[in-house]
Amino acid sequence: MKYSKEQMELMEAKIIDLLKENGEMRFGKIAKSLIHSGMAESSFIVGVILESGCKEHKNCKDKDLFTSPKTGMWRLSDSIELTK
């Protein structure tokens with residue numbers, strides 16, 4: 001399925017909210033949350049968003065928004081200042 005830019009931005013915002021709330025999360029939990037909320041149809045798109053790092057986000061300035069340490073837990077990058 002193709003997603004519009006608006007849908008991608010909504011999914012990105014949901015991921016940011018989840019990571020702000022929980023600190024760190026495994027990929028599967030993030031994907032399940034988006035799938036159960038009806039925002040995504042598969043985990044593939046969630047992986048694409050996380051892997052791309054959302055460099056187009058308004059507060060990123062060409063830095064990765066998400067980081068995945070060796071433990072496999074995704075979190076927001078420390079160097080990114082996000083507004084609420």
Side-chain angles (χ1 to χ4, degrees):
M1 173 181 178
K2 284 229 174 218
Y3 294 95
S4 69
K5 185 173 174 95
E6 292 82 23
Q7 289 173 312
M8 295 288 283
E9 289 172 356
L10 287 173
M11 285 188 272
E12 179 184 313
K14 176 72 171 180
I15 293 170
I16 291 169
D17 289 342
L18 287 170
L19 292 175
K20 277 184 183 178
E21 182 179 319
N22 298 308
E24 292 183 335
M25 291 181 75
R26 292 204 178 275
F27 166 74
K29 286 202 170 232
I30 296 170
K32 269 187 185 179
S33 178
L34 267 67
I35 291 168
H36 287 289
S37 68
M39 296 178 111
E41 290 193 12
S42 72
S43 60
F44 176 77
I45 190 65
V46 178
V48 169
I49 291 171
L50 289 170
E51 292 293 330
S52 70
C54 296
K55 293 180 187 217
E56 295 178 7
H57 189 273
K58 62 185 174 187
N59 295 320
C60 279
K61 298 181 181 113
D62 293 327
K63 297 179 184 174
D64 284 339
L65 180 58
F66 307 115
T67 58
S68 176
K70 293 179 183 177
T71 60
M73 300 288 279
W74 287 92
R75 61 183 167 82
L76 293 172
S77 295
D78 296 332
S79 61
I80 304 299
E81 297 283 329
L82 293 175
T83 58
K84 290 189 176 187

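Along the sequence shown, the residues carry numbers beginning at 1.
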Original post:
Given M8 and I45, is the side-chain contact (heavy atoms from CB on, under 4.5 Å) satisfied, shown in steps?
Top reply: CA-CA 9 Å; M8 295 288 283; I45 190 65; 3.5 Å; yes
Subject >> Nearest atoms (heavy-atom pairs only) where M25 meets I30 >> reply: CB-CG1, 3.7 Å
Original post:
Taking atom NZ of K29 and atom CG of N22, what is their separation to the nearest 0.5 Å?
Top reply: 8.5 Å
Original post:
Just how far is it from atom CE of M11 to atom CG of L50, taken to the nearest 0.5 Å?
Top reply: 11.0 Å
Original post:
If you group Ile, Leu, Val, Met, Phe, Trp and Tyr by side-chain heavy-atom gaps below 4.5 Å, do I15 and I35 land in one group?
Top reply: no
Subject >> Intermediate values then yes/no, side-chain contact (heavy atoms from CB on, under 4.5 Å), E12 and I16 >> reply: CA-CA 6 Å; E12 179 184 313; I16 291 169; 4.1 Å; yes
Original post:
Stepwise, does the side-chain contact (heavy atoms from CB on, under 4.5 Å) test hold for K14 with L34?
Top reply: CA-CA 8 Å; K14 176 72 171 180; L34 267 67; 3.6 Å; yes
**OP:** Hey, could you give me the CD1/OH distance between I49 and Y3, rounded to the nearest 0.5 Å?
**Re:** 8.5 Å
Original post:
Just how far is it from atom CD of E24 to atom CE of M73, taken to the nearest 0.5 Å?
Top reply: 5.0 Å
Original post:
Can you tell me if E21 uses its side chain to pair, donor with acceptor, with the backbone of L18 under 3.5 Å?
Top reply: no
